[in-house]
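A, B, ... follow the sequence lines: proteins, then strands. Residue 1 opens every chain.
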There are 2 protein chains.
Amino acid sequence: MSRPCPQHQHPHRLIQQPLSDLTDKLRQGELKITAPRQAILDVLRKHSSPLTIKEIHTSLGKLDCDLATIYRNMHTLERMGLVRRYDFGDGAARFELSPEDGEGHHHHLVCTRCARIVELDDCFLNDFQDQLARRHGYTQISHRMEFFGLCPNCQAP
Amino acid sequence: MSRPCPQHQHPHRLIQQPLSDLTDKLRQGELKITAPRQAILDVLRKHSSPLTIKEIHTSLGKLDCDLATIYRNMHTLERMGLVRRYDFGDGAARFELSPEDGEGHHHHLVCTRCARIVELDDCFLNDFQDQLARRHGYTQISHRMEFFGLCPNCQAP
DNA sequence: CTTGAGAATGCAAGCGGTTTGCAATCTTCC
DNA sequence: GGAAGATTGCAAACCGCTTGCATTCTCAAG
């Protein structure tokens, strides 16, 4: 809010996207706006389904930053609620941009052969989850749910 | 069916359990009945919640076989439907004996602090899952779902 | 514009769970 | 008892991920 325009920077900086919201969010969390950070978010913005760290890394292309940097940034961005982490059980975490409202998550139907992903509607498990927590005395309840199958394209032998 | 009694073995072999079903199953799959194999199944029989490879290994106690052997056996036993694999998202696979009928699975409510596990009733997702498969043209559909929270014992600071 | 404190990055090493190649051993069938 | 083939132990390797440390970068204050 207090800073008029962040675009006085080096020529190779990515300046295409309207950074307003992002920037605000980043600054709220005392995070610095760095090239890798912006590039990662750009990559996620361009893809609709969750990406692995490796996929993000190759999508970065020219701005080829260290894997450790991506790992660290994904933690940071997740902690700030900017991205959401998913686990499809294949050993590699996947990340997706959080929706605008920040709340609400959804689940996925993942092809076990080609990894094609169908994003499902909003989660319908919240009531059940709350009941469950109450019944067993658990707090801070959450869940993970993913569906797996062979997508139409992969069914032909 | 054709083999009367498999109990003519070495003294340190575990022979307490009625091995009939197991043995039959093992033989159907052309598997050999080995000491590690039996011991692993014994360990699983004695525990109600899913165990990690490391937990299985330490539970084996005296019969201290190689970790690689356990890993290989878990794959084999899973492929044969004798055990079921669960993934609680902490990086270590967990295994449970399959129920008698071989079909039907359940889900878990896992404490994120002490790993205490509540086993939930039979899965209620099968209808939904089938609908989903039909709607999107997927086959061989399956799913994973686990709940996480702080158990009553772990809530006090 | 300069500057400096602290944040972020790159690099390399390390870690935990898991897999694999290979030679030695064990199970089962004849 | 013996042979074929499955299974095991061992060691090395793999994979995703994390971490320590020195260097570089960001940003706000002067």
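For B/Arg37, taking side-chain heavy atoms from C-beta onward, the closest of the listed nucleotides D/dT7, C/dT9, D/dG9 is D/dT7. The side chain of A/Ala92 lies closest to D/dG16, out of C/dA12, C/dT9, D/dG16. Across D/dT8, D/dC10, D/dC17, the shortest atom-to-atom separation from the side chain of A/Ala93 is found for D/dC17. For A/Lys32, taking side-chain heavy atoms from C-beta onward, the closest of the listed nucleotides D/dT7, C/dA7, C/dT9 is C/dA7.
Looking at B/Glu119, its side chain never comes within 3.5 Å of a backbone N or O of B/His106 through a donor-acceptor pair. In this structure, A/Gln140 contributes its side chain and B/Leu150 its backbone to no donor-acceptor pair below 3.5 Å. In this structure, the side chain of B/Ser59 engages the main chain of B/Glu55 through a donor-acceptor pair within 3.5 Å.
Distance, B/Leu67 CG to C/dT20 C1': 14 Å, rounded to whole Å. Taking atom NE2 of A/His57 as the reference point, atom C1' of D/dC15 lies 16 Å away to the nearest angstrom. Protein atom CD1 of A/Ile70 is 15 Å distant from nucleotide atom C1' of C/dC11, rounded to whole Å. We find that CE of A/Met74 is positioned 15 Å from C1' of D/dG16, with the value rounded to whole Å. When rounded to the nearest whole Å, the span between NZ of A/Lys54 and P of D/dC15 equals 7 Å. Rounded to an integer number of Å, the gap from B/Phe88 CZ to C/dG17 P is 16 Å. If you take CG of B/Leu31 and P of C/dC26, they are 19 Å apart, rounded to a whole angstrom. Put simply, CD1 on A/Ile33 is 9 Å from C1' on D/dT26, counting in whole angstrom units.
Ring-plane geometry between B/Tyr86 and B/His108 is classed as perpendicular, the angle between the planes exceeding 60 degrees on a 0 to 90 degree scale with a lower cut at 30.
One finds a side-chain N or O of B/Tyr71 lying less than 4.0 angstrom from the OP1 or OP2 phosphate oxygen of C/dT18. In terms of phosphate contacts, A/Thr34 brings no side-chain nitrogen or oxygen within less than 4.0 Å of OP1 or OP2 of C/dA8. Side-chain N/O atoms of A/His75 include one lying less than 4.0 angstrom from OP1 or OP2 on D/dT18.
Comparing A/Ile53 and A/Arg72, the nucleotide of DNA chain D nearest to each residue sits closer to the 5' end for A/Ile53. A residue-by-residue look at A/Asp90 and B/Asn73 shows that B/Asn73 has its nearest nucleotide of DNA chain D further toward the 5' end.
Residues B/Arg94 and B/Asp87 are not paired through a salt bridge, judged by the lack of any N-O separation under 4.0 Å between the basic side chain and the carboxylate.
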